[in-house]
> 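For reference, the structure I am asking about is given below.
Just the heavy atoms: all of them, side chains too, but no hydrogens, waters or symmetry mates, feed the values below. In each ligand, atom 1 is the first atom listed, and ligand 1 is the first ligand listed. A quick note: this is a predicted structure, and the numbers were derived from the prediction, not measured.
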Amino acid sequence: MGRIRVLAAEVASKIAAGEVVERPVSVVKELVENSLDAGATEIKVELLEGGKKLVRVQDNGSGMSQEDAALCFKRHATSKIATEADLERISTLGFRGEALASISAVSRVTLKTSDGSGEKGFQVEREGEKLLRFVESAFPRGTSVEVRDLFFNLPARRKFLRSDRSELSLVVGYLTTTALAFPEVKFLLIHNQKELINCPIVSSLGERVYQLFGKKVLDSLMSLDYEEENYRICGLSSRPFAGRLDRQHQFFFVNRRPVKDRMLGVALTQAYLGLLEKQKQPEGFIFLEIPAEQVDVNVHPAKSEVRFREPQKVFRLILRAVEMSAREESLVKPIIVSGERGEEKETLIPVGRTTWDAETGLKAPGAGWPKEAADGQPVLLAAAEEPAAFRVGPAAEPQSGERKATVRVLGQYLDSYLIAVTEEAVFIIDQHNAHERILFEKFKQLEGARAWISKQMLFPAVLELTPKQQVNYQERRPELEELGFRLEPMGSLSFALKEYPDVFREDEAAGILLSLLGDEEEGKFRSRREKMMATMACKAAVKAGQPLSPEEMEFLASELLATPNPGLCPHGRPVVIRLDRSKIEKTLGRPTE
Ligand code: ADP
Ligand code: MG
């Protein structure tokens with residue numbers, strides 16, 4: 001006697017059901033997707049006991065005819081694909097035709113539906129595999145599916161369900177995500193008679209974010225809209241200097257389907273390097289539109305995984321989109337005057353659009369301090385026509401005659417901070433962090449233009465490298481050489497530094513090279529190259545405690561405000577503090593005019 005036996009149909013279908021239906025949220029997901037596919041503009045989800053006792057989804061979609069209501073519980077019964085070719089161009093959410101069959105195999109289901117023809121409706125009641133009742137009953141156009149006692153006939157599965165709270169929170173998570181993707185649909189979630197989500201129809205993502213997360217979150221976001229070839233990205237993401245401490249507000253959608261993909265999260269984090277304080281994570285409500293043949297969203301229908309044909313293109317799209325929008329935003333950290341903690345802590349004060357423009361290139365020669373120009377005059381940034389000026393308010397063409405607030409540097413505090421003023425505010429600028437930021441931006445431009453130039457050392461420096469440094473040197477050599485550093489071995493430990501990047505002074509070159517041979521800590525940088533540039537910037541920047549000449553101070557203040565994001569240094573530390581005039585006057589009890 002053989003031991004292999006064909007399973008009874010009922011057992012087989014319960015097993016199959018378990019693959020589609022794992023827990024209440026999977027029931028909600030399948031039912032809500034059916035409602036969306038049916039063109040509903042209003043979807044109400046009701047739960048009892050985290051959905052374990054009851055899940056009811058009611059919609060005002062197309063409804064079903066008598067014939068469809070009878071067929072819809074049959075496995076592989078679907079109105080969404082008829083031929084194999086259809087599989088290639090699926091636009092609806094569900095298409096396998098097994099959700100209702102699976103759900104009804106493991107619960108007690110009541111379906112009420114009407115397609116609106118002739119006031120009639122139908123009611124179907126099932127328990128496990130059995131049809132209990134199929135009757136005519138009046139019902140408005142639309143469908144309601146009631147799923148009771150999930151896994152009543154599979155006690156082993158039922159045991160795996162978690163507490164009401166945690167099943168509920170999965171449902172809340174799913175509905176939140178779905179509501180973000182469909183602002184044109186009204187969503188309601190009611191748990192044990194209590195309303196948890198109520199999002200009437202709105203016309204934009206921003207309004208939906210407002211409904212779900214509130215004003216403060218919405219205010220901290222900027223919009224993204226960017227297109228490259230036939231890939232498009234739009235949505236909302238953190239403004240520079242905003243962000244939050246966790247990643248809970250990161251949502252990604254591909255062609256409107258929510259997806260989970262590590263790469264997308266990594267891209268978003270990288271896009272925000274230098275835009276957020278160290279411990280902050282970006283928020284993102286990100287919609288990617290990618291040609292259907294470039295993406296496979298059905299890798300695992302229940303887990304919303306996704307496979308991109310050209311992942312690096314998606315990655316770049318995210319970086320660029322954030323970069324473009326952030327450039328419009330430029331913010332610096334506002335100060336909190338003591339005694340007014342709380343409400344204003346999180347507000348961001350824009351210092352205006354920056355004047356930086358990739359096309360104009362570098363504004364001052366070299367990377368460090370102003371060098372002598374050909375005519376012997378020190379070359380100050382933004383030279384004669386715009387002496388140490390930066391703008392508060394929208395950027396204006398220099399010739400437009402629009403009035404700009406001019407910044408004046410009053411001096412240095414503790415040889416570490418520049419005190420600068422405009423009509424509207426007092427600024428305290430960290431000279432080291434500021435210079436670091438300026439250098440970093442310049443290095444990035446050099447890198448982008450592949451314009452590193454190396455220079456011969458007049459007096460080659462002799463360096464003794466530790467074994468560790470030598471290993472690091474061998475490993476990083478291609479990058480170091482591209483930057484313009486050239487070493488020649490002079491024995492077992494000694495090396496001569498023969499060439500160095502032209503942006504540095506000869507006397508600082510050796511020290512900078514050594515800092516690039518140090519151990520790499522886990523940095524939040526886009527690439528090793530970028531990390532190297534940050535290290536160079538840090539090393540070459542003026543230190544705290546160093547007295548500066550008035551020209552140097554002006555140079556720093558004006559250059560800083562010409563960088564895309566003056567608010568943070570490359571390592572994410574704040575650079576500028578702003579103290580508003582209105583706040584000063586208020587604090588000092590002076591009536592504001
Ligand atoms: P699928 O969605 O993969 O087609 P389902 O088992 O989820 O499979 O649904 C089977 C069929 O029942 C659908 O193709 C659709 O025709 C019909 N149906 C299910 N839910 C609804 C609904 N809420 N409104 C209208 N028709 C529905
Ligand atoms: Mg379906």
> Heavy-atom distances under 4.0 Å are what count here, so tell me which part of A99 touches ligand 1: side chain, backbone, both or neither.
both
> Sort and list the pairs that fulfil side-chain hydrogen bond (donor to acceptor under 3.5 Å, both in side chains) and have at least one residue in residues 61-73, not counting sequence neighbours.
none
> Rounded to the nearest 0.5 Å, what's the gap from CD on Q248 to CD on E283? Could you check?
10.5 Å
> Should the proximity of T113 to ligand 1, defined as any heavy atom under 4.0 Å, be assigned to the side chain, the backbone, both, or neither?
neither
> Is the closest N or O pair between L100 and ligand 1 shorter than 3.5 Å?
yes
> Does the N or O separation between S62 and ligand 1 drop below 3.5 Å for any pair?
no
> E30: heavy atom below 4.0 Å from ligand 1, yes or no?
no
> List every atom of ligand 1 that sits less than 4.0 Å from any heavy atom of A38, numbering the atoms from 1 in the order shown and giving each element.
24 (N), 25 (C)
> Nearest non-hydrogen atom to atom 24 (N) of ligand 1 belongs to which of T143, D68, V32?
T143
> For residues 179-206, which residue pairs qualify under salt bridge (Lys or Arg N to Asp or Glu O under 4.0 Å), counting only residues two or more places apart or in two chains?
E184-R256
> Tell me if the aromatic rings of Y231 and F308 count as close, with their centers under 6.0 Å from one another.
no
> For the CG atom of L317 and the OH atom of Y226, what is their distance to the nearest 0.5 Å?
7.0 Å
> Determine the minimum heavy-atom distance between Q281 and L245, stating which atoms define it.
CG-O, 4.1 Å
